[in-house]
Amino acid sequence: MSRLSIYSDQPIKAGAEPIPQLQTTDPELIASELAARGLRFERWATRPPLAAGTPAAEILASYAPEIARVQANGGYGTVDAISINADNPDRVALRQKFLAEHTHAEDEVRFFVEGRGLFCVHAPEAEEVLQVLCERNDWISVPAGTRHWFDMGAKPQFTALRFFNNSEGWLANFTGDLIANRFPLLNQ
Ligand SMILES: [Fe+2]
């Protein structure tokens with residue numbers, strides 16, 4: 001189930017677990033809390049489960065109406081579909097790549113066709129860390145420049161649509177802040 005957890009970003013006693021100030025699985029509350037912080041979140045209509053090895057073009061065609069709506073609102077001329085599973089030989093490196101706090105010059109916009117992933121956003125001016133557990137049918141948009149990290153878990157399993165304005169320019173700029181180490185990872 002999709003879940004939003006909001007924490008203080010302030011350091012706590014060594015060994016203590018951070019306790020969320022707010023935690024909800026209500027999609028409307030998730031969307032409104034995120035909207036108040038400049039992020040967008042939607043639940044899209046369910047499609048039949050994908051057969052193994054469904055080509056990306058077929059996945060994209062299945063979501064054509066929603067993709068067109070997103071593109072009408074905000075650009076994102078390039079959309080692709082990626083799948084990462086627990087048998088991926090690069091899963092450790094792929095997971096590690098985005099586990100530290102970073103920003104992009106582009107919005108990070110994802111739709112979870114299947115599986116799950118944990119988006120974590122750091123808002124230092126509000127002294128907050130938001131963790132959004134995205135599940136199947138969740139669409140999320142993290143604005144360019146937002147401090148964030150992403151955990152796909154030790155046994156990743158997801159298929160996601162990725163929306164880009166400029167896929168060539170989509171690089172991670174690491175902040176050097178080790179804050180991600182103080183917060184829960186995706187538990188799988
Ligand atoms: Fe990112």
Side-chain angles (χ1 to χ4, degrees), residues 1-5 23-27 30-31 34 39-71 74 76 78-104 106-122 129-144 146-165 167 170-172 174 180 183-188:
M1 193 178 280
S2 319
R3 186 181 65 226
L4 168 66
S5 308
Q23 191 163 61
T24 179
T25 56
D26 173 354
I30 294 173
L34 291 180
L39 284 81
R40 293 159 69 195
F41 177 88
E42 296 177 0
R43 299 267 302 156
W44 288 5
T46 301
R47 301 291 197 277
L50 296 177
T54 301
E58 236 174 81
I59 300 171
L60 294 169
S62 167
Y63 289 95
E66 288 93 343
I67 291 170
R69 182 169 56 78
V70 169
Q71 290 176 323
Y76 309 123
T78 303
V79 186
D80 69 8
I82 59 155
S83 291
I84 299 179
N85 297 304
D87 60 359
N88 189 308
D90 299 324
R91 65 187 180 279
V92 174
L94 287 168
R95 181 190 193 194
Q96 204 59 39
K97 195 172 172 187
F98 297 112
L99 265 187
E101 187 186 86
H102 62 275
T103 63
H104 306 285
E106 283 263 325
D107 298 351
E108 184 159 331
V109 184
R110 300 287 183 270
F111 172 71
F112 286 80
V113 176
E114 290 188 332
R116 62 198 333 217
L118 183 69
F119 273 96
C120 307
V121 168
H122 181 200
V129 166
L130 317 177
Q131 291 200 315
V132 191
L133 176 62
C134 288
E135 301 270 11
R136 172 175 159 78
N137 298 331
D138 288 348
W139 179 86
I140 188 166
S141 171
V142 178
T146 303
R147 291 168 172 247
H148 69 281
W149 60 96
F150 175 75
D151 189 17
M152 62 180 73
K155 295 178 183 170
Q157 196 272 307
F158 68 90
T159 296
L161 305 184
R162 305 187 298 177
F163 295 75
F164 301 104
N165 284 312
S167 53
W170 196 75
L171 293 171
F174 292 93
F183 288 88
L185 293 168
L186 181 60
N187 188 18
Q188 73 174 46

### Query
Checking ring-ring contact (aromatic ring centres under 6.0 Å, His included) against Phe111, which of Trp139, Tyr63, Tyr76, Phe163 comes through?
Tyr63
Which atom names give the shortest non-hydrogen contact between [X] and [Y], and what distance separates them?
X: Met152; Y: Leu94; value: CE-O, 3.7 Å
X: Cys134; Y: Phe119; value: SG-CD1, 4.0 Å
X: Arg43; Y: Pro27; value: CG-CB, 3.8 Å
X: Ser5; Y: Gln23; value: OG-NE2, 2.7 Å
X: Gln131; Y: Cys120; value: NE2-SG, 3.3 Å
X: Asn165; Y: Glu106; value: N-OE1, 2.9 Å

### Task
Any chance you could measure Thr103, atom OG1, to His122, atom NE2, to the nearest 0.5 Å?
13.0 Å
### Task
Calculate, to the nearest 0.5 Å, the distance between atoms CG and OG1 belonging to Asn137 and Thr46 respectively.
4.0 Å
For [X], all residues meeting side chain to side chain contact (heavy atoms under 4.5 Å, CB included), sequence neighbours excluded:
X: Ser62; value: Arg47
X: Gln96; value: Leu99
X: Thr54; value: Leu50, Ala51, Glu58, Ile59

### Query
Does a side-chain heavy-atom distance below 4.5 Å link Thr24 with Ile30?
yes
### Task
May I ask you to decide if Leu186's main-chain N or O and Asp151's side chain share a donor-acceptor pair within less than 3.5 Å?
yes
### Query
Does the Asp107 side chain pair with the main chain of Ala144, one donor and one acceptor, at a distance under 3.5 Å?
yes
Set of residues satisfying side chain to side chain donor-acceptor pair (under 3.5 Å) with respect to [X], sequence neighbours excluded:
X: Ser83; result: Thr159
X: Thr146; result: none
X: Trp44; result: Glu42
X: Arg136; result: none

### Task
Return yes if a side-chain donor-acceptor contact under 3.5 Å exists between Glu135 and Ser2, otherwise no.
no
### Task
Mind jotting down which residue pairs meet the salt bridge (charged side-chain N to carboxylate O under 4.0 Å, His left out) criterion with at least one end in residues 78-91? Sequence neighbours excluded, please.
Asp80-Arg162
### Message
Assess the residue pair Ile140 and Arg40 against the criterion (side-chain contact (heavy atoms from CB on, under 4.5 Å)); give the C-alpha distance rounded to whole Å, side-chain angles, the decisive distance to 0.1 Å, and a yes or no.
### Response
CA-CA 6 Å; Ile140 188 166; Arg40 293 159 69 195; over 6 Å; no
#### Entry: Partner residues of Glu101 under the salt bridge (Lys or Arg N to Asp or Glu O under 4.0 Å) criterion, sequence neighbours left out
Arg147
### Task
Given side-chain contact (heavy atoms from CB on, under 4.5 Å), test Val79 with Gln71 step by step and report yes or no.
CA-CA 9 Å; Val79 186; Gln71 290 176 323; 3.4 Å; yes
### Query
Which residues pass the ring-ring contact (aromatic ring centres under 6.0 Å, His included) test with Phe41, sequence neighbours left out?
none
#### Entry: ring-ring contact (aromatic ring centres under 6.0 Å, His included) against His102, all qualifying residues, sequence neighbours excluded
Phe98, His104, His148, Phe174
### Query
Given Phe158 and Ile82, is the side-chain contact (heavy atoms from CB on, under 4.5 Å) satisfied, shown in steps?
CA-CA 8 Å; Phe158 68 90; Ile82 59 155; 3.9 Å; yes
